[in-house]
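Being a predicted model, the structure only gives us computed values, none of them experimental. In what follows, chains are A, B, ... by sequence order, proteins preceding strands, each numbered from 1.
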Number of protein chains: 2
Amino acid sequence: MLVVEFEKGTVVLKQAPMPKRRPGEALIRLLAAGICNTDLELLRGYYNFQGRPGHEFVGEVVESSTPELVGQRVVGEINIGCGRCSLCRAGDPRHCSSRRVLGILNYPGVFAEYFTLPDRNLHVLPRTIPTDHGVFVEPLAAANEILEQVRIPKGAPVAVLGDGKLGLLIAQVLTAHGAEVHLFGRHPSKLALARRWKIRTRLSSQGPAKAAFQWVVEATGSPEGLGAALELVQPRGTIIAKTTLHGAVPLDISRVVVNEVTIVGSRCGRFPPAIRLLQRRSVDVAPLVTARMPLSQAQEAFQLAAEPGTLKVLLVPDGTI
Amino acid sequence: MLVVEFEKGTVVLKQAPMPKRRPGEALIRLLAAGICNTDLELLRGYYNFQGRPGHEFVGEVVESSTPELVGQRVVGEINIGCGRCSLCRAGDPRHCSSRRVLGILNYPGVFAEYFTLPDRNLHVLPRTIPTDHGVFVEPLAAANEILEQVRIPKGAPVAVLGDGKLGLLIAQVLTAHGAEVHLFGRHPSKLALARRWKIRTRLSSQGPAKAAFQWVVEATGSPEGLGAALELVQPRGTIIAKTTLHGAVPLDISRVVVNEVTIVGSRCGRFPPAIRLLQRRSVDVAPLVTARMPLSQAQEAFQLAAEPGTLKVLLVPDGTI
């Protein structure tokens, strides 16, 4: 079968044997996968990653010990816990200290015709959600995690920094929650998209209003993002940090202390609320798909995904476009 | 009268005219003042400070439009708000955007024989609290602010990084609250002092246990402190940041995001709970006084305060030692 791997900072195509599922795992045929900024960071050396990436997907279960799953269209949570620690036993392996992470850490990813994942990680995708939209369940869950961590009152003004894929999802999720979202970005075309969703927008080059928001979400993917968030947040306000980057960023710690700012790191979310957001059409993901390309064109797909104007690039099995 | 000022990174002694109190202000005679790490930072260039520092004090009110205050021994909150913004009108000028700060920002400090402060900033020091102990009300309030920001359950293990003046106060305040405090420091003599208060201690050079605490207080005063706190905090744990430093510190933002760590900046606290802590003898501040020196020896006092083994150095008017 055809697979995509990262080797020394390059994208390579390979033929590999079909994966063998272990007990408790399902064998899944890829229907569509999404290229995420984390994949681009992994390609640049984050986590010293080598191997098969990919963690946003919709697939069809081919084999499983759970008969109800076979033949179903599924999405999958990306953290594979040890199954034995207190966190895993409580049903949440997201912070299991010996977790593997699909396509990120010690577990081969989904940029392949077939892959495996434990049955317990899978969620059946309701029929009303198209496959291309289902690819957004994972990043939507990450966007929705903010609301599981921080109480944002309805009607409250919230700044979202970054008009990339994740920023646009976060802006929509917070708008659906009832917040008054102000999206700050660098791309007029992406901001125009946000305005279609009735989101207030502002070009970052106009310079942000200072100390104006009690909640600021930092999703720029840039080392300067945290500093910009710190300019924008009110005293005693909260910054929700979403950017993962290889290396350290500079932090004006005195400003954090003197203004008693709270910074909340935010990563993976639960899938069921994200699936509900798509089912209820509370978010609009169709305009976020820039391109749909076959696995055999993965190199071109990654080049396109890294270009500034691009939103989501989907990879699909050859012959399904 | 004799005053202490900072000029281009040096401590200078001067003769100055008696300050004139404006309406709403009290004229206060210094009884004792404390040298704080913030003063040492100001001397090194933090805030581009020039002028008269000093913000920890006990004084006697000489003149005031509030007759009950005259003759009383008082301590004083250090933030002087505009009096007009919503924060000030709600009675809390700590984050007023045009605040002045005693001895730190646009308001002359207490390292002088006489100084002024608005009546509304003053709290009468109960008779049972000795003057030298009252100097600790301000830093104790800052230590206690942690408990107003973060809910720490009784019995919970908490790491406190830094065995300096503030770290030792925080360790005591959290112990009095019922937490199981583990103090990490570099100074065997200061850690021995903490053990007298039944606090668990560990030399930082032994290397901290990793990811062991849900709550970590960073009070090292060092640019490396935040990184050490990030090593020590559990996933989904909270770091309370107390260190103010001139310039930026490096932050491994991916670790904050991936582990969903919360960082809470923490500065000034309210005085009444701090006064109660001293009144009930819930904290022991007497051993924290390294020396008591006259204002005329301020240069030597600052040298001593900057030495690694030193705790609190008090400045008192000449002739009162």
Side-chain angles (χ1 to χ4, degrees), chain A residues 38 41 46-47 79 87 92 94-97 99 101 104-105 142 145-146 148-150 210-211 218-219 221-223 225-227 229-230 233-269, chain B residues 38 41 46-47 79 87 92 94-97 99 101 104-105 142 145-146 148-150 210-211 218-219 221-223 225-227 229-230 233-269:
Chain A
T38 301
E41 282 291 314
Y46 182 50
Y47 277 126
N79 295 284
L87 294 166
D92 186 355
R94 283 179 288 176
H95 290 284
C96 165
S97 65
R99 70 184 177 275
V101 186
I104 296 175
L105 189 66
E145 172 75 352
I146 293 169
E148 308 225 349
Q149 294 179 289
V150 178
K210 292 205 174 190
E218 198 291 277
S222 138
L226 191 58
L230 209 45
V233 74
Q234 282 175 358
R236 292 213 179 109
T238 298
I239 295 170
I240 297 104
K242 276 290 187 187
T243 294
T244 49
L245 281 170
H246 190 47
V249 303
L251 176 69
D252 182 352
I253 185 68
S254 291
R255 191 160 181 151
V256 174
V257 171
V258 168
N259 288 341
E260 297 193 313
V261 170
T262 294
I263 301 172
V264 180
S266 178
R267 187 174 46 116
C268 293
Chain B
T38 301
E41 282 292 312
Y46 182 52
Y47 276 125
N79 295 284
L87 295 167
D92 187 357
R94 283 178 289 177
H95 290 283
C96 165
S97 65
R99 69 183 177 277
V101 185
I104 297 176
L105 189 66
E145 172 75 351
I146 294 170
E148 308 225 348
Q149 295 178 289
V150 178
K210 292 204 173 189
E218 199 291 278
S222 138
L226 191 58
L230 209 44
V233 74
Q234 282 176 0
R236 292 213 177 107
T238 298
I239 295 170
I240 297 105
K242 277 289 186 187
T243 293
T244 49
L245 281 170
H246 190 47
V249 303
L251 175 69
D252 182 352
I253 186 67
S254 291
R255 190 161 181 150
V256 174
V257 171
V258 169
N259 288 341
E260 298 194 311
V261 170
T262 294
I263 300 172
V264 180
S266 177
R267 185 174 46 116
C268 294

Here's a test for you: under side-chain hydrogen bond (donor to acceptor under 3.5 Å, both in side chains), which of B:R94, B:H95, B:R267 qualifies with A:E260?
B:H95
Which bit of A:Q149 comes within less than 4.5 Å of chain B, counting heavy atoms only: side chain, backbone, both or neither?
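Just the side chain, heavy atoms under 4.5 Å.
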Side-chain contact, heavy-atom cut-off 4.5 Å: B:I253 with A:T244?
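Heavy-atom side-chain distance check fails, nothing below 4.5 Å.
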Heavy-atom distances under 4.5 Å only: say whether [X] touches chain A with side chain, backbone, both or neither.
X: B:E218; value: neither
X: B:E145; value: side chain
X: B:L226; value: side chain
X: B:V261; value: backbone

Who among B:L87, B:T238, B:D252, B:T243 has the most heavy-atom pairs with chain A under 4.5 Å?
B:T243
For each of B:L251, B:V256, B:I239, B:I240, tally heavy-atom pairs with chain A at distances under 4.5 Å, and name the one with the top tally.
B:L251
Kindly indicate, with the supporting measurements, whether the criterion side chain to side chain contact (heavy atoms under 4.5 Å, CB included) is fulfilled by A:T262 and B:I263.
CA-CA 6 Å; A:T262 294; B:I263 300 172; over 6 Å; no
